[in-house]
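Here the structure comes first, spelled out in structure tokens, and everything after it is commentary.
The sequence lines fix the lettering, A, B, ..., with proteins before strands; numbering per chain opens at 1.
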Amino acid sequence: MERKVRVRFAPSPTGPLHIGGVRTALYNYLFARQHGGTMILRIEDTDSQRFVPGAETYIMEALQWCGIEIDEGITEGGPYAPYRQSERKAIYLKYALQLVEAGWAYYAFDTAEELNALRADFEARGETFAYNATIREKLATSLSLPATEVQRRIDCGDQWVIRFRMPENEEIHMHDLIRGDVVVNTATLDDKVLYKSADALPTYHLANIVDDHLMEVSHVIRGEEWLPSLPLHYLLYKAFGWSDTQPEFAHLPLLLKPTGGGKLSKRDGDKMGFPVFPLFWTSPVTGETAHGYREDGYFPEAFINMLALLGWNPGTEQEMFSMDELIQNFSLSRVSKSGARFQPEKAKWFNAQYMHHKSDAELAELFQVILREHNITASNEQAGKAASIMKERATFITDLWDLASFFFVAPSVYEEKQVKKYWKAENAAILRELGSVLSDIDDFSLENTEHIVHGWIEEKGYSLGQVMNTLRLALVGAGKGPGMYEVTSFIGKEECLKRIDNLMTNLQPTA
RNA sequence: GGCCCAUUCGUCUAUCGGUUAGGACGCAAGAUUUUCAUUCUUGAAAGAGCAGUUCGAUUCUGCUAUGGGCUACCA
């Protein structure tokens with residue numbers, strides 16, 4: 001029988017979620033939805049040192065913005081609550097001790113200083129220190145010390161950790177849904193810490209396996225940086241006797257810096273001029289801020305579409321995917337194996353595509369926000385229409401002000417280059433004439449105005465470009481913009497004449 | 001250093017032994033246009049190297065090179 005699909009996204013609240021994390025969450029979500037499964041959000045806050053306040057809220061807000069829905073989590077609740085590991089503290093010690101009793105783990109009493117000294121010694125001799133079978137019985141561990149001494153140390157409050165006792169020489173055969181079969185010999189691995197008495201908290205490895213088991217997680221979809229610890233995780237399932245319900249694993253390729261040379265990190269954003277975070281972030285510790293896709297004007301759909309295709313492809317030439325289409329088409333077998341460089345340019349392109357496909361109503365709502373910021377009152381119809389006329393030229397919704405403000409405000413400055421080209425004595429004469437032609441038009445609709453004005457231009461034998469660009473200078477103030485009749489019909493006769501008059505009275509034509 | 005993963009145009013990628021190696025971003029040229037854009041057309045642009053398996057390798061295997069990850073009482 002096919003197991004019920006349950007996946008989890010398990011971030012650590014050590015800062016804002018970056019786009020690599022968002023993609024991991026997305027793939028988990030797509031996989032869950034496609035299989036009618038459950039998406040869990042588990043907060044892995046077992047590192048009390050690196051905890052950052054606000055990070056947890058940020059993560060949830062970011063996922064929500066992206067449209068990644070959580071079925072079970074710290075705010076949603078669920079049958080396996082709590083979903084925050086710090087609140088599950090009481091659970092883990094029992095499991096760590098179970099491993100000690102079974103001989104799969106042992107107590108170690110080394111202090112951080114002792115370990116550092118040991119590492120330094122090894123390094124001085126040109127060797128690499130590894131806490132493993134060659135050394136564990138020579139150190140202060142429950143493997144070398146008499147049981148009574150171990151108990152005495154624990155009782156008198158000495159700090160200890162529980163380490164996994166890595167088998168000396170055993171081949172671990174693993175399977176990854178993306179990479180296929182992987183084999184590692186345990187001789188190359190070391191005895192990882194599973195639990196520390198200092199803060200009574202497990203490390204990632206223990207907490208992760210215990211929680212995935214208890215929460216009945218069926219598939220672990222995570223970043224490639226976890227591949228090296230997969231043998232440990234296999235062994236932990238085995239040690240607990242949970243191998244038969246062990247989840248399947250899929251290790252995702254990493255997101256790399258646009259320039260190559262390493263995985264995308266939180267610092268790259270401002271350095272290279274693109275956001276690495278979904279949302280704007282202010283560090284509560286340093287006060288540093290970082291750009292976010294949301295605040296930079298990206299649509300969540302575009303952001304998700306772009307992210308989905310970084311490391312996965314449908315095998316067809318389709319590029320535009322809604323979330324529903326992604327859910328339908330996603331498959332782990334089509335996730336690529338090698339790291340993908342992040343492409344800021346492609347992200348922009350995706351956003352522009354979504355911009356071009358927005359309906360007037362959607363644009364109206366978005367554009368109104370910007371208009372209000374500039375103290376402009378406009379109807380939704382006006383806002384939508386102006387945005388719709390200019391959207392082809394925009395990449396971000398925030399571009400719209402520069403692009404379309406002339407629909408609402410008369411130009412206060414005139415672009416120098418256009419003035420030079422189109423504001424000579426003859427242009428002024430033509431514009432005066434055009435003004436009177438316009439003032440005689442009753443039906444100021446786009447079609448009618450065009451019909452009449454073009455008739456007049458033909459009759460007079462003027463150059464179309466000269467007339468229209470002179471008018472453009474008066475109405476827009478610049479050498480860009482939509483067809484002039486879009487503008488005339490939008491702003492209306494009265495405003496047209498006013499702007500023409502403005503130009504005539506305020507600016508002397510050049511010779 | 002050790003272990004693991006990867007390697008097709010500049011970038012993201014298609015190809016599941018036989019293709020003129022396809023698409024997209026970006027770039028260039030042309031067309032369209034009353035301006036700026038958009039749009040359309042076209043173009044330049046790739047199998048890391050060396051062996052092997054095979055009638056035939058981008059595709060399978062090995063080696064080398066390169067890139068990346070991990071190597072914490074961090075996740």
Side-chain angles (χ1 to χ4, degrees), chain A residues 10-14 44-47 49-50 108 110-112 115-116 119 123 126-131 159-163 174 176 178-179 182-185 187-190 192-199 201-205 207-208 222-231 251 253-254 256 258-263 306 309-319 333-334 336-350 352 356 390-394 403 415 418 421-422 454 457 463-473 476 478-485:
Chain A
S12 176
T14 53
E44 306 220 329
D45 54 349
T46 52
D47 184 354
Q49 301 298 310
R50 296 204 309 155
D110 321 277
T111 64
L115 287 176
N116 285 340
R119 265 185 259 273
E123 204 169 319
E127 294 169 31
T128 314
F129 175 76
Y131 208 118
Q159 290 199 344
W160 47 267
V161 299
I162 290 174
R163 281 182 185 270
M174 299 160 286
D176 181 278
I178 294 169
R179 276 147 230 285
V182 180
V183 184
V184 174
N185 192 300
T188 66
L189 272 20
D190 61 356
K192 287 284 180 237
V193 170
L194 300 178
Y195 191 92
K196 44 217 157 99
S197 69
D199 49 13
L201 245 22
T203 61
Y204 170 83
H205 303 291
N208 193 263
R222 68 208 326 185
E224 192 185 351
E225 70 267 27
W226 292 111
L227 198 50
S229 49
L230 188 58
H251 289 88
L254 262 17
L256 274 18
T259 52
K263 67 172 172 177
M306 174 275 296
L309 257 23
L310 222 46
W312 171 82
N313 76 82
T316 65
E317 284 177 4
Q318 184 178 351
E319 285 206 284
S333 63
R334 294 206 68 89
S336 50
K337 296 183 176 73
S338 51
R341 291 198 197 174
F342 179 69
Q343 292 182 91
E345 288 306 318
K346 194 103 179 212
K348 287 184 189 172
W349 178 80
F350 270 111
H356 301 345
M390 302 309 285
K391 68 181 179 184
E392 295 289 337
R393 297 157 165 79
L403 253 18
E415 195 179 279
Q418 289 303 110
K421 197 166 173 191
Y422 293 110
H454 276 195
I457 291 174
S463 134
L464 184 64
Q466 192 181 21
V467 178
M468 298 319 275
N469 285 311
T470 306
L471 180 60
R472 182 178 302 281
L473 180 65
V476 178
K480 59 182 183 181
M484 284 319 295
Y485 303 108

Enclosure of A:K196 NZ (heavy-atom neighbours >12, cutoff 6.0 Å): yes
Neighbour count >12 (heavy atoms, 6.0 Å) for atom CD, A:E123: no
Gap in Å between the two [atom1] atoms, one belonging to [N] and one to [M], rounded:
{"N": "B:C9", "M": "B:G2", "atom1": "P", "answer": "29 Å"}
{"N": "B:A44", "M": "B:U54", "atom1": "P", "answer": "38 Å"}
{"N": "B:G62", "M": "B:U7", "atom1": "C1'", "answer": "16 Å"}
{"N": "B:U13", "M": "B:U19", "atom1": "P", "answer": "25 Å"}
{"N": "B:G47", "M": "B:A21", "atom1": "P", "answer": "12 Å"}
{"N": "B:G52", "M": "B:U11", "atom1": "P", "answer": "30 Å"}
{"N": "B:C50", "M": "B:C12", "atom1": "P", "answer": "24 Å"}
{"N": "B:C5", "M": "B:G43", "atom1": "C1'", "answer": "37 Å"}

Counterpart residues, salt bridge (charged side-chain N to carboxylate O under 4.0 Å, His left out), relative to [X] (two or more places apart):
{"X": "A:R50", "value": "A:D47"}
{"X": "A:D110", "value": "none"}
{"X": "A:K263", "value": "none"}
{"X": "A:K346", "value": "A:E319"}

Residue closer to the 5' end of RNA chain B, A:S338 versus A:R341 (nearest nucleotide): A:S338
Nearest-nucleotide comparison on RNA chain B, the residue closer to the 5′ end among A:G315 and A:G465: A:G315
Nearest to side-chain heavy atoms of [X], which nucleotide of [options]:
{"X": "A:Y485", "options": "B:C12, B:U34, B:C5", "answer": "B:U34"}
{"X": "A:R393", "options": "B:A6, B:U35, B:U13", "answer": "B:U35"}
{"X": "A:M468", "options": "B:U34, B:A6, B:C4", "answer": "B:U34"}

Rounded to whole angstroms, how far apart are [atom1] on [X] and [atom2] on [N]?
{"X": "A:N185", "N": "B:G2", "atom1": "CG", "atom2": "C1'", "value": "13 Å"}
{"X": "A:L471", "N": "B:C36", "atom1": "CG", "atom2": "P", "value": "16 Å"}
{"X": "A:R334", "N": "B:C16", "atom1": "CZ", "atom2": "P", "value": "10 Å"}
{"X": "A:R472", "N": "B:U35", "atom1": "CZ", "atom2": "C1'", "value": "4 Å"}
{"X": "A:Q418", "N": "B:U34", "atom1": "CD", "atom2": "C1'", "value": "11 Å"}

Partner lookup for [N], please. Criteria are Watson-Crick or G-U wobble with both distances under 3.5 angstrom; report none if nothing qualifies.
{"N": "B:A14", "answer": "none"}
{"N": "B:U20", "answer": "none"}
{"N": "B:U8", "answer": "none"}
{"N": "B:C60", "answer": "B:G52"}
{"N": "B:A31", "answer": "B:U39"}

Parallel, tilted or perpendicular: rings of A:W226 and A:Y204 (30°, 60°): parallel
Aromatic ring pairing A:H454/A:Y485, orientation class (parallel under 30°, perpendicular over 60°, tilted between): perpendicular
Can you name the side-chain hydrogen bond (donor to acceptor under 3.5 Å, both in side chains) partners of [X], sequence neighbours left out?
{"X": "A:Q466", "result": "A:E426"}
{"X": "A:T470", "result": "A:N427"}
{"X": "A:N185", "result": "A:N169"}
{"X": "A:R341", "result": "none"}

Nucleotides 68-75 of chain B: protein proximity per nucleotide (B base, S sugar-phosphate only, - neither; heavy atom, under 4.0 Å): SSS--BBB
Answer with base, sugar-phosphate or nothing: what part of the nucleic acid does [X] contact at a heavy-atom distance below 4.0 Å?
{"X": "A:G311", "value": "sugar-phosphate"}
{"X": "A:P482", "value": "base"}
{"X": "A:V182", "value": "sugar-phosphate"}

Sort me out a list of protein N/O and nucleotides 25-32 of chain B N/O pairs below 3.5 Å, or just none if empty.
unit_1: B:C25; atom_1: OP1; unit_2: A:W349; atom_2: NE1; d: 3.4

cation_pi(A:R472, A:Y422) dist<6.0 Å, angle<=45: no
Partner set under side chain to side chain contact (heavy atoms under 4.5 Å, CB included) for A:A340, not counting sequence neighbours: A:L310
With 3.5 Å as the limit, what N/O pairs link the protein to nucleotides 58-63 of chain B?
none

Short side-chain N/O contact to B:U13 OP1/OP2 from A:N313, under 4.0 Å: no
